[in-house]
Amino acid sequence: MAEDVGTLLRRLRERAGLTQEQVAERSGVSVRTIRRLENDRSTNHRVATLNLLADALGLEERDRLLLAATLAGSPAAATVEPAAGPDADPRAGRGPAPVQAPARAPAAAPPERVPERVPERVPGRLPVHGRLAEAAEELAVEVRRRWRREEAQRRVHDPFPLPVRWTPAPAALTDRAENIQRLGPGEPPRTVDLDGDLRSLAEVYLRIPSGRLVVLGRAGSGKSVLTIRLALDLLETRASAAHRRVPVVFSVGSWDPSTTALRDWLVGRLLRDHPHLARRGPGGATLAAALVDGDLVLPVLDGFDEMGEGLRRDALDALNATAAPLVLTSRRDEYAEAVRAAHAPLVWAGCIELADLTPEDLADYLPRTDRGAPAARASDDAVPRGSAWDTVLAELRTCPGPAHRNLAAVLTTPLMVVLARTLYSESGDRDPPNSWTVSGSPP
């Protein structure tokens with residue numbers, strides 16, 4: 001008699017040597033849900049949840065088919081044996097060898113009528129098993145921890161993130177729409193909306209069928225903060241079928257494409273920054289190499305403009321020789337020069353350009369950073385307290401003269417706004433001086 005789904009899940013989990021809490025941490029499915037699934041003998045289970053649990057358990061293809069057949073109530077479930085567990089004969093690098101299905105009853109495929117229940121070949125879903133799955137999860141945990149700490153140190157969320165926005169880049173710096181969408185000959189391209197802001201960055205990225213994106217912006221425009229937020233947001237969506245790669249931010253300025261292939265450079269950076277990936281994985285390669293070769297890392301290449309001027313064209317040529325998803329950030333002029341030299345932008349890539357902050361953005365943000373205003377500005381609780389920025393912001397709104405245009409030009413990038421905040425909002429004893437509006441930069 002075939003097992004029910006709950007009993008099978010419990011047996012597969014115990015075979016993997018994992019507790020319900022460990023499976024919950026790996027899959028993103030709550031412990032309560034896992035307990036309910038394992039104890040419930042019904043077949044009314046969400047396929048997406050079972051997919052997450054199958055990935056967390058590192059199930060082989062045979063076990064996935066068995067789970068699908070059991071879910072569908074197929075007779076195949078009675079004839080398919082699960083792959084061997086930890087107590088089996090260790091062989092072939094990974095450890096346990098799979099148990100073959102009995103010759104008298106070869107495994108049958110799931111019924112034709114329920115193909116959506118088979119957790120295989122789902123677009124965007126990558127098969128990850130055993131030690132490699134564990135390495136990917138460890139890397140994701142480290143990346144998440146690092147960038148959350150970095151955001152805290154940069155005080156990105158204090159009092160709230162500055163509104164980083166963007167618009168589609170000029171056509172000369174972007175590949176054709178049908179290439180970005182990886183369409184076949186004669187297929188008409190559809191509109192891919194790349195407009196957005198920092199809160200919707202991962203959503204915008206996942207709209208790009210090729211998974212390749214270029215982010216342009218001038219100095220201080222927020223490219224680094226944007227890459228951090230993209231990595232963290234993609235990690236939140238990683239448990240879904242839409243995105244399985246671990247986003248890793250690489251400072252691409254240290255890459256010399258004339259001496260080192262991109263793949264080798266990525267592996268070297270991973271080994272330097274994550275030494276535990278030097279352990280051996282499937283086939284004897286390091287885990288770092290296995291993750292890169294298995295397409296389980298999304299390279300977020302930050303700082304293309306920081307590469308040597310003579311290397312940028314070679315780098316763009318090398319990137320154009322790949323089809324792998326990636327994100328590239330750069331100042332606009334340096335990227336445009338490389339595009340002209342290479343006679344092509346980053347192929348298959350969407351391209352966005354970061355926009356300036358507006359006076360309205362400053363009016364929302366700067367007064368809320370002024371927590372240490374002198375007592376003279378404090379008033380009755382019923383009346384909003386004044387700010388050191390009130391005069392400056394009022395002048396920007398009402399006096400559009402040349403001096404104020406200089407000030408407005410200075411305060412258009414997150415970098416300069418954060419510098420102004422540090423100098424004046426957090427000093428506690430001085431207001432922004434009038435001389436600033438004349439010189440056009442903080443004294």
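The shown structure was predicted, so the numbers you read here are calculated from the model rather than taken from an experiment.
Of the possible donor and acceptor atoms, none in the side chain of Tyr335 sits under 3.5 Å from a partner among the backbone N and O of Phe304. When atom types are taken as modelled, the side chain of Asp305 and the backbone of Arg331 share a donor-acceptor pair closer than 3.5 angstrom. Panel note: side chain Ser200, backbone Gly196; no donor-acceptor pair is recorded below 3.5 Å. In this structure a side-chain-to-backbone donor-acceptor pair under 3.5 Å is present from Thr19 to Gln22. For the pair Arg313 (side chain) and Ala338 (backbone), a donor-acceptor distance under 3.5 Å is absent. In this structure, Lys223 contributes its side chain and Thr329 its backbone to no donor-acceptor pair below 3.5 Å. Distance alone, capped at 3.5 Å, places no donor-acceptor pair between the Thr322 side chain and the Ala318 backbone. Between the side chain of Gln181 and the backbone N or O of Glu178, no donor-acceptor pair lies under 3.5 Å. With Arg207 contributing its side chain and Asp193 its backbone, the two residues share a donor-acceptor pair below 3.5 Å. Formation of a donor-acceptor pair under 3.5 Å by the Arg279 side chain with backbone atoms of Thr286 is not found in this model.
Between Ser254 and Arg269 there is a side-chain heavy-atom pair separated by less than 4.5 Å. Within the 4.5 Å cutoff, the side chain of Pro325 has heavy atoms near those of the Asp295 side chain. Looking at heavy atoms from C-beta onward, Leu291 lies in side-chain contact with Leu132 at the 4.5 angstrom threshold. Thr174 has its side chain within reach of Ile180: a pair of non-hydrogen atoms, C-beta onward, lies under 4.5 Å apart. Between Tyr205 and Leu230, the closest side-chain pair of non-hydrogen atoms falls below 4.5 Å. Leu53 has its side chain within reach of Leu37: a pair of non-hydrogen atoms, C-beta onward, lies under 4.5 Å apart. Considering only heavy atoms from C-beta on, Leu232 stays 4.5 Å or farther from Leu234 through its side chain.
The environment of Arg154 atom CZ is dense: over 12 non-hydrogen atoms of other residues, nucleotides or ligands sit within 6.0 angstrom. Within a 6.0 Å sphere centred on CZ of Arg199, other residues, nucleotides and ligands contribute 12 heavy atoms or fewer.
Closest approach of Thr413 to Gly220, counting heavy atoms only: CB-O, 3.2 Å. Closest approach of Ala288 and Leu271 over heavy atoms only: CB-CD2, 3.7 Å.
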Could you pull out every donor-acceptor pair under 3.5 Å between side chains of residues 339-356 and any protein atom, sequence neighbours left out?
{"unit_1": "Glu353", "atom_1": "OE1", "unit_2": "Arg332", "atom_2": "NH1", "d": "3.2"}
{"unit_1": "Glu353", "atom_1": "OE2", "unit_2": "Arg332", "atom_2": "NH1", "d": "3.2"}
{"unit_1": "Asp356", "atom_1": "OD1", "unit_2": "Arg218", "atom_2": "NE", "d": "3.3"}
{"unit_1": "Asp356", "atom_1": "OD1", "unit_2": "Arg218", "atom_2": "NH2", "d": "3.1"}

Show me the donor-acceptor pairs, under 3.5 Å and distance only, between side chains in residues 157-168 and residues at least two apart or in other chains.
{"unit_1": "His157", "atom_1": "NE2", "unit_2": "Glu151", "atom_2": "OE1", "d": "2.9"}
{"unit_1": "Asp158", "atom_1": "OD1", "unit_2": "Arg371", "atom_2": "NH1", "d": "3.1"}
{"unit_1": "Asp158", "atom_1": "OD1", "unit_2": "Arg371", "atom_2": "NH2", "d": "2.6"}
{"unit_1": "Asp158", "atom_1": "OD2", "unit_2": "Arg155", "atom_2": "NE", "d": "3.4"}
{"unit_1": "Asp158", "atom_1": "OD2", "unit_2": "Arg155", "atom_2": "NH2", "d": "3.0"}
{"unit_1": "Asp158", "atom_1": "OD2", "unit_2": "Arg421", "atom_2": "NH2", "d": "3.1"}
{"unit_1": "Arg165", "atom_1": "NH1", "unit_2": "Asp361", "atom_2": "OD2", "d": "2.8"}
{"unit_1": "Arg165", "atom_1": "NH2", "unit_2": "Asp361", "atom_2": "OD1", "d": "2.7"}
{"unit_1": "Arg165", "atom_1": "NH2", "unit_2": "Asp361", "atom_2": "OD2", "d": "3.4"}
{"unit_1": "Trp166", "atom_1": "NE1", "unit_2": "Leu194", "atom_2": "O", "d": "2.6"}

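The pair Arg15-Asp63 meets the salt-bridge criterion, since a charged nitrogen lies less than 4.0 angstrom from a carboxylate oxygen. In summary, Glu236 and Arg148 engage in a salt bridge, as defined by a charged side-chain N under 4.0 Å from a carboxylate O.
Here Arg212 contributes atom CZ and Leu319 contributes atom CG; the two are 7.0 Å apart, rounded to the nearest 0.5 Å.
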Discussion item. Run Glu142 and Arg146 through salt bridge (charged side-chain N to carboxylate O under 4.0 Å, His left out) and show every step you take.
Written reply: CA-CA 6 Å; Glu142 289 188 2; Arg146 173 182 177 182; over 6 Å; no
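With Arg263 as the fixed residue, the side-chain contact (heavy atoms from CB on, under 4.5 Å) test singles out one of Thr260, Val267, Leu266: Val267.
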